[in-house]
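Worksheet for the structure shown next.
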Amino acid sequence: MDDLNDQIAQRLKKLDQLRRLGIDPFGGKFDVQDRAGDLIARYGTATKDALEQKPVTTTIAGRVIALRWFGKAAFVSLQDGVDAIQVYLKKDVLGEQGFALAGLLDIGDWIGVSGRLFRTKTNELTVEVKQLTLLCKALRPLPEKWHGLTDVETRYRQRYVDLIANPEVKRIFITRGRIIQAIRTFLVGKGFLEVETPMMHQIPGGATARPFVTHHNTLGVDLYLRVAPELYLKRLIVGGLNRVFEINRNFRNEGISTIHNPEFTMLEFYMAYADYTDLMPLTEELIVELVETVHGKGTQTVPYCLHPNDEKTTTLSFTRPWKRISYRAAIADRLGATLQQITDPAYVLSQAKKHQCDLKGGESYWQLMVLLFEQVVEPTLIQPTFITDFPVEISPLAKRKAHNPELTDRFELYIATREIANAFSELNDPLDQRKRFEAQMAERAKGDLEAQRLDEDFLRALEHGMPPTAGEGIGIDRLVMLLTNQTSIRDVILFPQLRPEK
RNA sequence: GAGCCGGUAGCUCAGUAGGUAGAGCAUCGCCCUUUUAAGGCGAGGGCCCUGGGUUCGAGUCCCAGCCGGCUCACCA
């Protein structure tokens, strides 16, 4: 222990004293009879008299998070999961042996207790401990009880301490788990099969992003951590698994921010015989289901702070149906332009200049439109909105619109200015897909490190025939942020990526 | 990657004008058998992020770096 301080030294001293008393400071199996939460639920309203007339005995375990001494007695706050219950240690009930152990307890220790329930003078439901068992001695002190642990760096680096000291953090991660469970239940209920596809790719594909590179020693090849599972999931559709989904990590070698972690969790699902229009009501249904999972049955609105230091909370309304507007119409709307004007490249260029888009010169019409969309439309998309009909330039894996080959059968769902879902009718024309890959490779050759690579095996799969299919990806971390009202992705990822310590 | 803010005891934070480093909680000792931020009395605990510089003297001023937060840019 490099940073040995007096508090650790004191606890090590107590460790010796415990061993001299014949007590194993690191305990063993303990038969827990009740959970603190259950006791509170069951006896939270039981009166003092009722508990005396019909005594209730219980055996519970947990971590000591507060310890208040009164000479020959002490009150302990025992944390058991998200709940805490008070236990009372009294010399004449515990006996000499038990009381000696009690005297060596510290905040942070794990204990098991047996005894009867009673109410204190202040009417708090409390366990009067007859039998005290040490389950594990903690050697390090916990943060202060009142302010807790607030240093963000320590919270992320030592999440275990954060989880102990900040109950709301624990709640967020429990909610995250419930959200993911609810997604699985929802999709399985719709006939989807959960699958796992490779995380290590020989050709990273399925998204425009820079990959992480690693190396396989025996094969003697470099492998890439996947940026998306898309191309593998579509291979499964080719193989006849008509409805598949995967919830797993993607890795993108990019910057880190409040909405970006290098590894993030993505849901992707693919549905044969469907198109992107089928996915809009499905997405509404799924997300409303998740809103209800988190906020309760029948909930239509969710409070959300758009920025960390925002005083005011925005109310997000999930009442169906959600707004749908095409990419082009959304831009025209914001610019106050007609659909006629917005097709004019000169007009679009002038607007891009007017709205301070980051122009390098020589942008195509659609490149300008993409810049304008980000600049003027995205920040306004607070309420759930489906943006449809994306330009083919930025949709290399999506089917073209039947009546307009410049556009694709695609939508993105925006909530609180962020892209939450991305879906399209999957391109199943292997000849067009090859051209799209070639166009991407041309971009790569020009120095675009994020452009996609040509994947011969994927093309071979498409050549075997992929039924018309609709596919969608949902960024789980950002969705969890929305549903738990968190403004930083690090608050919904247990161990966010940080620079090495020291 | 750029800008702004921060790093002082285990934790949360003060630190005046550049002049011996403080509080609360936690810890240790004593008192206390119904408290809940328990209380009372006493005590210990510091690489003031790191490295340079200015100065008689730096937690404080200057420069560089490390780590973090926020904002912006790219990405989901």
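Here is the naming used below: chain letters follow the sequence lines, and residue numbers restart at 1 for every chain. Quick caveat, the model's predicted, so the values are computed rather than measured.
Identified under the side chain to side chain donor-acceptor pair (under 3.5 Å) test for residues 95-108 of chain A, with sequence neighbours left out: A/K14-A/D106, A/D106-A/K137. Pairs engaging residues 41-56 of chain A under the side chain to side chain donor-acceptor pair (under 3.5 Å) rule: A/D34-A/R42 [sequence neighbours left out].
If you check B/U35, B/A26, B/U12 against the side chain of A/H147, the one that comes closest is B/U12. Ranking B/U27, B/U34, B/C11 by closeness to the A/T120 side chain, first place goes to B/U34. Each of B/U27, B/U35, B/C74 was ranked by its minimum atom distance to the side chain of A/R68; first place goes to B/U35.
Taking a 6.0 Å sphere around CZ of A/R444, one finds it holds more than 12 heavy atoms contributed by other residues, nucleotides or ligands.
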Grab the N/O contacts between the protein and nucleotides 29-32 of chain B below 3.5 Å, and write none if there aren't any.
residue: B/C32; atom: N3; partner: A/G71; partner atom: N; Å: 3.2
residue: B/C32; atom: N4; partner: A/G71; partner atom: N; Å: 3.4

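Judged as a side chain to side chain donor-acceptor pair (under 3.5 Å), and not counting sequence neighbours, the contacts of A/E153 are A/R157. Taking A/F269 as the reference, A/F192 meet the ring pair (Phe, Tyr, Trp, His ring centres under 6.0 Å) condition, with sequence neighbours excluded. Partners of A/F458 according to the ring pair (Phe, Tyr, Trp, His ring centres under 6.0 Å) rule, which considers only residues two or more places apart in sequence or in another chain, do not exist here. A search for side chain to side chain donor-acceptor pair (under 3.5 Å) contacts involving A/R324 returns nothing, not counting sequence neighbours. Scanning for side chain to side chain contact (heavy atoms under 4.5 Å, CB included) contacts around A/F495 gives A/R159, with sequence neighbours left out. By the side chain to side chain donor-acceptor pair (under 3.5 Å) test, A/S257 pairs with A/H260, sequence neighbours left out. For A/F318, the ring pair (Phe, Tyr, Trp, His ring centres under 6.0 Å) criterion is met by A/W322, not counting sequence neighbours.
Separating the C1' atom of B/A64 from that of B/G46 is a span of 25 Å, rounded to the nearest Å. Between B/C5 and B/C49, the distance separating the two C1' atoms is 16 Å to the nearest Å. Nucleotides B/A58 and B/U8 place their C1' atoms 14 Å apart, quoted to the nearest Å. On the P atoms, B/U12 is 26 Å away from B/C4, given to the nearest whole Å.
For A/Y327 and A/F373, the ring centers sit closer than 6.0 Å to each other.
In terms of polar N and O atoms assigned as donor or acceptor, the side chain of A/Q86 comes within less than 3.5 Å of the base of B/U35 in a complementary pairing.
Contacts of residues 87-94 of chain A with RNA chain B (heavy atom under 4.0 Å): A/Y88, A/K90, A/D92.
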B/S/- along nucleotides 2-10 of chain B (protein heavy atoms under 4.0 Å) is --------B

